[in-house]
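Take a look at the structure set out below.
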Amino acid sequence: MLFGLKTELQKRLRSNGVLLRESLSNPELKQYSVIILDEAHERSLNTDILLGLMKRLIKHRASDLKVLITSATLDGLKVSNFFSGCPVLNIPGTIFPVEKFYSTDRPTNYIESSLRTAIDIHVKEAPGDVLIFMTGKDDIDKMVSKLEERIQNLEEGSCMDALVLPLHGSLPPEQQVRVFSPAPPNCRRFIVATNVAETSLTVDGVVFVVDCGYVKQRQYNPSTGMYSLDVVEISRVQADQRAGRAGRTRPGKCYRLYPSSIYQKEFLEATIPEIQRTSLAGSVLYLKSLNLPDIDILKFDFLDPPSRESLEDALRQLYLIDAIDESGQITDVGRLMAELPLDPSLSRTLIEANELGCLSQALTVAAVLSAEITLRQTRNKDMEGKRKRQELSDGSGWGDHVQLLQIFESWDQADYDPRWCSEHDLQVRGMKFSKDVRNQLSQIIQKIAKGPTDLQARRGRKSDPDYRKLRRALCVGYGNQLAERMIHHNGYHTVGYRTQLVQVHPSSVLEGDEYGKLPVYVVYHELINTTRPFMRNVCGVEQTWVKPILKKLEKLNINKLSGGSSALIDYEPLEEKQPGSPTKAAAAKQSDVDSKIQAARERYLARKGKK
DNA sequence: GAGCACTGC
């Protein structure tokens with residue numbers, strides 16, 4: 001019945017992102033009498049912000065607004081408490097029972113252990129497909145080839161045929177859809193997958209699930225400004241979600257490669273919501289731009305508040321790129337930025353590019369960067385594609401932003417031919433996504449655009465051969481992500497309120513001068529800590545452009561920034577006076593989240609080290 | 001000399 005209802009409503013459904021945009025121009029959302037927050041259990045950044053806004057809105061529109069929150073797993077009581085005891089309706093699910101088996105110990109090598117379990121199922125169990133959860137592409141590839149090998153070695157005729165299929169996000173679509181065609185007769189399918197199979201994709205025919213108990217997760221550390229991609233333990237909710245995948249068509253079995261004591265005591269109840277794992281610059285800017293009279297970012301009522309540290313980090317970043325002034329008030333530039341559905345740094349770059357007369361190029365860079373991660377093919381080990389891509393950048397060496405621009409312009413010259421992408425080892429999907437984003441951005445920015453927004457590849461280059469305008473715009477937009485080279489070598493340190501030693505990522509196309517020295521100043525798109533802290537997507541900038549940023553850094557005062565109208569109030573005592581208030585909760589230490597993640601990571605590394 | 005899970009306005 002619910003499904004029917006949803007279909008009926010489909011015409012009126014807006015995505016969370018769109019509702020947030022609508023809030024900008026119409027904060028009371030008067031045109032709606034019912035708002036449905038769907039899939040709230042996924043706890044995306046947008047969902048969490050909307051939950052906070054809805055709570056606020058209900059107070060203002062108590063008589064004429066209904067809010068319905070649907071969730072597959074979200075703890076109803078917690079949400080009910082958040083919304084001052086609103087009613088909870090339970091709709092019983094229809095999935096079949098899934099029997100769970102635990103291993104007695106944590107395996108030292110979960111690939112090997114999954115492999116043995118999978119073979120065991122194949123030999124002993126009744127027909128039915130097997131879904132195996134792994135953490136990433138590398139593990140999946142390894143698992144697929146080993147599994148195929150072991151199955152080959154089984155005695156002929158001892159069991160049914162087998163088909164092993166990988167499934168992960170960077171797989172080309174034509175390979176992804178293979179999992180949707182049912183198994184041939186007398187054949188068992190093994191689907192080796194990442195998280196995609198947990199919620200996003202449903203694979204029919206699965207009766208057995210093998211769960212390694214880990215997941216790859218991206219997190220942001222506000223005290224260093226760095227992201228890391230870690231293998232961490234899953235949560236109980238995730239474990240149950242994975243198990244549930246075995247019971248969609250008939251009763252199933254789930255093999256958990258961890259003891260039940262670990263499930264009970266070590267796993268977190270739920271996955272740490274995105275709002276506590278990501279940089280909040282964009283969200284804070286959004287909330288500031290709503291212009292709600294009584295809004296104070298540090299006291300905003302979140303279901304799970306982000307740390308104080310993370311909010312302050314966002315304020316500092318926004319200040320450095322002119323989105324808020326030194327007392328934390330949103331600026332005119334900030335208002336414009338909030339209208340663009342982009343990272344604040346990219347929005348700022350676009351606005352500056354518009355002033356400098358290189359908007360068209362900046363639009364391309366912003367669009368391509370939004371999809372950059374999925375751009376590169378990882379299929380080919382050889383360097384052919386990389387070499388070909390480098391030819392496209394005709395050796396400008398100014399950095400990765402310029403290269404991405406040139407790649408897109410070349411694709412444009414090739415009339416957006418998908419074959420061109422494959423020839424240059426680029427993912428068609430990512431390139432198409434860039435193209436869509438670019439179109440959307442051009443439309444939004446049309447009303448303030450001072451120059452052409454359509455792609456004008458040749459002309460742009462001719463009028464500015466060194467991309468100075470574009471790089472200057474990037475320098476303003478990424479004023480919060482600036483690094484200075486060491487005197488004697490090509491290492492860098494970040495410039496800002498916290499300093500980190502970092503290096504240019506080896507995949508960068510940034511070039512040195514005749515002595516091999518890289519530019520003295522660069523801006524970067526992100527810091528990612530893998531084997532070492534790396535700057536990814538780097539652009540060389542000039543010293544004179546950097547001066548205004550350094551000046552702002554001198555003036556930066558977090559007490560003023562976070563204060564708004566109550567700039568002089570010291571926060572710590574204020575929180576103590578209001579125990580149990582959201583403010584208190586908002587002060588939840590980032591270190592709590594960090595230490596949870598860190599502990600989970602260490603446990604994983606310790607086990608990995610043992611093998 | 002590294003190697004990124006998931007989405008998607």
Side-chain angles (χ1 to χ4, degrees), chain A residues 14-24 39 42-47 133-142 166-171 176 193-201 212 214-219 227-232 234 238 241 271-274 277-278 282 286 338-343 346-347 363 366-381 383 385-386 400 425 427 429-445 490-491 502-510 525-537:
Chain A
R14 303 275 188 281
S15 76
N16 285 350
V18 175
L19 193 58
L20 281 174
R21 302 276 123 214
E22 284 194 32
S23 265
L24 266 181
E39 309 275 358
E42 286 177 10
R43 298 298 302 277
S44 71
L45 192 56
N46 286 344
T47 297
F133 282 102
M134 294 273 112
T135 59
K137 185 184 170 299
D138 282 358
D139 285 357
I140 290 174
D141 290 348
K142 220 181 280 176
L167 178 62
H168 52 82
S170 48
L171 216 57
Q176 269 188 16
T194 59
N195 276 13
V196 270
E198 208 173 280
T199 48
S200 317
L201 285 177
C212 70
Y214 293 109
V215 68
K216 208 177 268 187
Q217 216 171 51
R218 189 177 144 101
Q219 22 250 340
Y227 278 95
S228 58
L229 197 66
D230 305 317
V231 174
V232 298
I234 57 172
Q238 259 180 307
Q241 183 79 30
T271 310
I272 297 171
E274 194 184 358
R277 288 190 285 116
T278 193
Y286 171 79
E339 303 233 1
L340 296 163
L342 287 172
D343 281 350
L346 285 174
S347 312
L363 278 170
V368 180
L369 263 180
S370 312
E372 193 271 337
I373 284 153
T374 49
L375 221 57
R376 266 174 273 121
Q377 288 273 17
T378 35
R379 190 161 35 94
N380 303 334
K381 277 273 176 213
M383 291 286 118
K386 191 184 177 182
D400 306 299
D425 209 20
Q427 291 217 23
R429 200 174 2 155
M431 293 297 285
K432 278 189 175 153
F433 182 71
S434 308
K435 193 177 162 218
D436 290 346
V437 171
R438 196 185 184 287
N439 285 338
Q440 282 167 25
L441 292 175
S442 320
Q443 273 173 23
I444 298 172
I445 211 159
N490 276 338
V502 294
Q503 287 190 329
V504 177
H505 197 274
S507 67
S508 175
V509 294
L510 186 74
H525 182 66
E526 73 171 1
L527 285 184
I528 179 118
N529 194 2
T530 49
T531 49
R532 278 187 233 158
F534 286 112
M535 297 181 282
R536 286 199 55 233
N537 289 321

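Hydrogens, waters and symmetry mates play no part in the numbers below; they use all other heavy atoms, side chains included. Each chain gets a letter, A, B and so on, in the order its sequence line appears, and its residues count up from 1. The structure presented is a predicted model; accordingly, all values stated were derived computationally and were not measured.
As a whole-Å value, the separation of E42(A) CD from dG8(B) C1' is 13 Å. Atom-to-atom, CG of N529(A) to P of dA2(B) comes out at 13 Å; the value is rounded to the nearest Å. As a whole-Å value, the separation of N46(A) CG from dG8(B) C1' is 11 Å. The CD1 atom of I444(A) sits 11 Å away from the P atom of dC9(B) (whole-angstrom rounding). Separating the CG atom of L342(A) from the C1' atom of dT7(B) is a distance of 15 Å, rounded to the nearest angstrom. In this structure, L45(A) atom CG and dT7(B) atom P are separated by 17 Å, rounded to whole Å. Atoms CZ (R43(A)) and P (dA5(B)) sit 25 Å apart, rounded to a whole Å. Remark: P of dA5(B) and CG of D141(A) are 9 Å apart, rounded to the nearest angstrom.
Heavy atoms of V196(A) sit under 4.0 angstrom from primed sugar atoms or phosphate atoms, though from no base atom.
In the set dG8(B), dA5(B), dA2(B), dA5(B) carries the atom at the smallest distance from any side-chain atom of K137(A). Distances were taken from every side-chain heavy atom of L229(A) (C-beta onward) to each of dA2(B), dG8(B), dA5(B); the shortest belongs to dA5(B). Considering only side-chain atoms of T531(A), the nucleotide from dG8(B), dC9(B), dA2(B) that sits closest is dA2(B). Side-chain proximity of H505(A) to the nucleotides dC9(B), dA2(B), dG8(B) is greatest for dA2(B). Out of dA5(B), dG1(B), dC9(B), the shortest distance to the side chain of P341(A) is found at dC9(B).
Shown here are the salt bridge (Lys or Arg N to Asp or Glu O under 4.0 Å) partners of D141(A), two or more places apart in sequence or in another chain: K137(A). E198(A) pairs by the salt bridge (Lys or Arg N to Asp or Glu O under 4.0 Å) definition with R242(A), not counting sequence neighbours.
Each of Q238(A), R43(A), R277(A) was evaluated against T271(A); a single residue qualifies, Q238(A), per the side chain to side chain donor-acceptor pair (under 3.5 Å) test. The one candidate from I140(A), T135(A), V215(A) that meets the side-chain contact (heavy atoms from CB on, under 4.5 Å) condition with T194(A) is I140(A).
Mapping L340(A) and N195(A) onto DNA chain B by nearest heavy atom places N195(A) closer to the 5' end of the strand.
Phosphate proximity of dC6(B) to T194(A): present, with a side-chain N or O under 4.0 Å from OP1 or OP2.
Counting only heavy atoms from C-beta outward, the side chains of C212(A) and D139(A) never approach each other to under 4.5 Å.
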